[in-house]
Amino acid sequence: MGAYREAYQRSVDDPEGFWRDAAGGIEWVEPPSRILDDSTAPIFRWFPGAGLNTCHNALDRHIRSGRGDQTALIHDSPVTGVTRRWSYRELRDDVAVFAGALRRLGVERGDRVIVYMAMVPEAVVAMLACARLGAVHSVVFGGFGARELAARIDDAQPRLVVASSCGIEGGKVVPYQPMLEAALAESAHVVDRCVILQRPEAPAELVPGRDLSWADAVRDAEPAECVPVAATDPLYLLYTSGTTGRPKGVVRDNGGHAVALRWSMEKIFGVRPGEVFWAASDVGWVVGHSYIVYGPLLAGATTILYEGKPVGTPDAGAFWRVIEEHRVSALFTAPTAIRAIRKEDPDGELLRGRDLNCLRTLFLAGERLDPGTYEWANDLLGVPVVDNWWQTETGWPIAASPRGLEELPTRAGSPSVPMPGYRVRVVGPDGADVPAGTEGAIVIGLPLPPGCLPSLWRDDERYVRSYLSAFPGAYLTGDGGRFDEDGYLYVLGRTDDVINVAGHRLSTGAMEEVLSAHPAVAECAVIGVGDLLKGQVPRGFVVLRAGADIAPATVEAELVARVRERIGAVAALRRVDVVAALPKTRSGKILRGSMRGIADGREEPVPATIENPDALEALRQVLRTPRSG
Ligand code: COA
Ligand code: AMP
């Protein structure tokens with residue numbers, strides 16, 4: 001039996017033994033004696049009664065074991081022209097001081113702190129400082145607008161917000177203050193204080209009594225030591241798009257997370273202490289949490305925080321420059337980034353002359369990896385391209401080719417095989433497993449392994465309803481797919497209204513809420529349509545209220561602007577069409593599935609239950625018509 005099969009089998013037959021061993025990779029204040037608490041099933045807790053501090057495991061322990069002078073963090077920022085390094089000791093010192101600053105501002109164990117920042121090192125420092133105090137961070141992606149930020153403030157109820165004054169997106173400076181002010185005005189929860197990192201490109205105007213600058217916050221702050229917390233205490237909340245407009249607060253615990261991430265760095269990503277691991281993502285997404293911040297640091301590796309784009313900062317050779325300059329062993333990014341590079345530099349001209357022999361593996365995740373991109377990257381780089389499939393909820397790969405266990409061959413179109421701990425099944429509508437080759441819903445048998453969400457923030461009921469009730473005993477991933485005869489999994493896409501735009505997970509429901517709030521809109525639908533670069537992009541369709549005295553083109557432009565302002569530029573809703581009617585069933589349900597099928601160019605049969613077949617036909621025409629002008 002190969003090493004992968006052996007590990008997988010053990011994780012299924014003896015999960016407690018498997019994860020007890022993996023827990024040896026972490027330093028505990030109170031080592032785990034019990035491994036799994038199943039007394040509140042279907043909600044499970046890993047390592048009940050154990051105690052630790054995640055920041056200690058990410059920083060202090062490495063200093064004690066002789067890595068104090070090793071580089072922990074490299075901030076490579078082509079948009080500001082700065083590259084800076086922190087050793088483990090320097091990063092620990094900065095984190096301890098900012099933790100002291102937070103404590104002085106009243107942040108204590110269990111308090112929530114919202115972090116709304118660009119890809120600046122202070123974002124990493126703020127996250128680790130919260131972990132040091134046992135406070136709970138909730139990072140909000142800088143590309144989100146006021147409505148999304150307000151929803152997170154209201155749900156997490158933070159004691160304070162840490163923000164940067166602006167982000168730098170390619171060549172443009174995006175001030176964050178207008179979004180922050182609008183969100184604070186809109187949320188019911190009152191935030192006492194804001195700490196603002198003043199960036200010279202666009203400093204914010206501080207509100208007296210409420211705001212203080214990062215520089216003032218840390219001045220004379222007393223460095224804080226690590227506060228021991230329970231393994232089951234939350235480390236962070238990360239909100240993610242669901243099918244409704246209200247984001248879901250995914251909870252990550254301290255113990256299970258540390259154990260699983262440390263294990264995944266070694267066994268899945270094959271990264272050894274001292275090596276350089278680069279996840280070209282954003283700290284606002286789960287990939288950034290797991291594989292920019294916590295994973296590499298828990299593993300004693302060097303991590304890169306890259307403030308730039310795959311193209312345009314300055315060109316499509318930027319990734320190759322970073323790999324060569326920092327001797328990167330493994331790069332992790334989204335397929336869309338590779339597609340963007342390929343589009344600009346199809347023959348890989350910008351790679352020539354670069355010494356990339358340090359690079360062992362390219363990991364791609366966040367959206368479906370199309371075979372064309374997989375082959376192109378494989379040919380160009382000459383290293384294994386490892387597609388891996390997972391979600392904000394799980395925090396680490398559900399399926400991959402585990403490079404540190406066994407170099408299983410990869411296959412185009414498949415993220416390979418289930419990782420240890422995940423009992424992945426493909427089921428039909430009755431919940432029974434379907435045979436290999438047949439498509440169905442992808443579910444995971446409970447309990448989920450350590451590191452996955454134990455629940456949603458203060459909402460067990462929603463957790464059970466959203467994920468655990470469709471198929472009792474199993475977690476519903478929301479993705480559809482199939483296994484092949486050899487046990488390789490193929491993930492074909494979401495079965496719900498979540499869409500994936502340039503590796504960013506977005507809710508069409510949230511966009512629909514914004515569209516329907518416009519006074520001229522009677523009803524609307526937003527669907528994801530295939531896009532060669534971004535994978536998917538949203539498109540909106542609206543029906544105007546009878547008698548609405550406004551030109552369709554005006555409404556369309558206003559709606560695009562509203563989504564950009566409320567949800568954020570990242571939603572990339574660039575086109576809304578006014579239509580006479582939306583296709584509906586006789587019971588009044590909008591036929592989003594049929595709309596999606598038509599948008600993706602499938603020969604969608606007209607459903608038997610349709611009320612207005614003309615509307616479907618009209619939509620077909622609209623989708624075929626490029627916008628003029
Ligand atoms: N703060 C403020 N605005 C942001 C932002 C941020 N952190 N991130 C994105 N935006 C803005 C962009 O500037 C852009 O604005 P525009 O409409 O004015 O041009 C808009 O949101 C859409 O951004 P994006 O989807 O990133 O498109 P793009 O055309 O700027 O770039 C790619 C396309 C493919 C280069 C880019 O999406 C990319 O690098 N993707 C990698 C995805 C990734 O890392 N995913 C994380 C999961 S692994
Ligand atoms: P997020 O929670 O933002 O990480 O998005 C998770 C969703 O992205 C999954 O449910 C999938 O729909 C999609 N996804 C992520 N990785 C992959 C992959 N490797 N292949 C196919 N889809 C993926």
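Indexing begins at 1, ligand by ligand and atom by atom, following the structure's order. As the structure is a prediction and not an experimental result, all values here were calculated from the model.
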Just go through [options] and tell me whose heavy atom is the nearest to [atom].
atom	options	result
atom 14 (N) of ligand 2	R494, R505, E393, E367	E367
atom 47 (C) of ligand 1	G366, A571, G503, G143	G503
atom 11 (C) of ligand 1	G288, A569, A334	A569
atom 2 (C) of ligand 1	G284, G142, G167	G142

- Item | Within-shell test, S281 vs ligand 1, heavy atom, strictly < 4.0 Å | yes
- Task: Report yes or no: does R339 have a heavy atom closer than 4.0 Å to ligand 1?
- Result: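 The answer is no, since R339 has no heavy atom less than 4.0 Å from ligand 1.
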- N or O contact, K534 vs ligand 1, cut-off under 3.5 Å: yes
- Message: Is it the case that ligand 1 has an N or O less than 3.5 angstrom from some N or O of T333?
- Response: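 No, since none of the N or O atoms of T333 sits under 3.5 Å from an N or O of ligand 1.
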Atoms of ligand 1, numbered as shown, that sit under 4.0 Å from any heavy atom of [X]:
X	result
W285	46 (C)
P310	35 (C), 39 (O)
A280	44 (O)

Please state which protein non-hydrogen atom is closest to [atom] and give its distance, to 0.1 Å?
atom	result
atom 19 (O) of ligand 1	K172 NZ, 3.6 Å
atom 40 (N) of ligand 1	T336 CG2, 3.5 Å
atom 3 (N) of ligand 1	E169 CG, 3.5 Å
atom 37 (O) of ligand 1	A502 CB, 3.4 Å
atom 30 (O) of ligand 1	K309 NZ, 3.4 Å

Measure [X] to ligand 1 on non-hydrogen atoms and call it side chain, backbone, both or neither using the 4.0 Å cut-off.
X	result
M119	neither
F332	neither
E344	neither
Y176	side chain
R564	side chain
A279	neither

- Can you tell me if T240 and R505 form a side-chain donor-acceptor pair at under 3.5 Å?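 Yes, a side-chain donor-acceptor pair sits under 3.5 Å.
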- Item | Short N-O contact, R321 and D76, less than 4.0 angstrom | yes
- Is any side-chain N of the basic residue among E393 and R252 closer than 4.0 Å to the acidic one's carboxylate O? no
Taking N or O atoms only and a 3.5 Å limit, does [X] qualify as a polar contact for ligand 2?
X	result
T392	yes
Q391	yes
G366	yes
N500	yes

- Query: For ligand 2, which part of H504 has a heavy atom less than 4.0 Å away: the side chain, the backbone, both, or neither?
  - Reply: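 No part of H504 comes within reach of ligand 2.
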- Item | Side chain, backbone, both or neither: W285 near ligand 2, heavy atoms under 4.0 Å | neither
- Message: Tell me whether atom 32 (C) of ligand 1 lies less than 4.0 Å from at least one protein heavy-atom position.
- Response: no
- Message: Ignoring hydrogens, what is the shortest heavy-atom contact between S77 and E307? Give both atom names and the distance.
- Response: OG-OE1, 2.8 Å
- Six-ring centre of Y4, K267 cation under 6.0 angstrom, axis tolerance 45°: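 Judged by the rule, K267 and Y4 form no cation-pi pair.
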- Message: Quick check: Y116 with F144 (ring centres under 6.0 Å apart)?
- Response: no
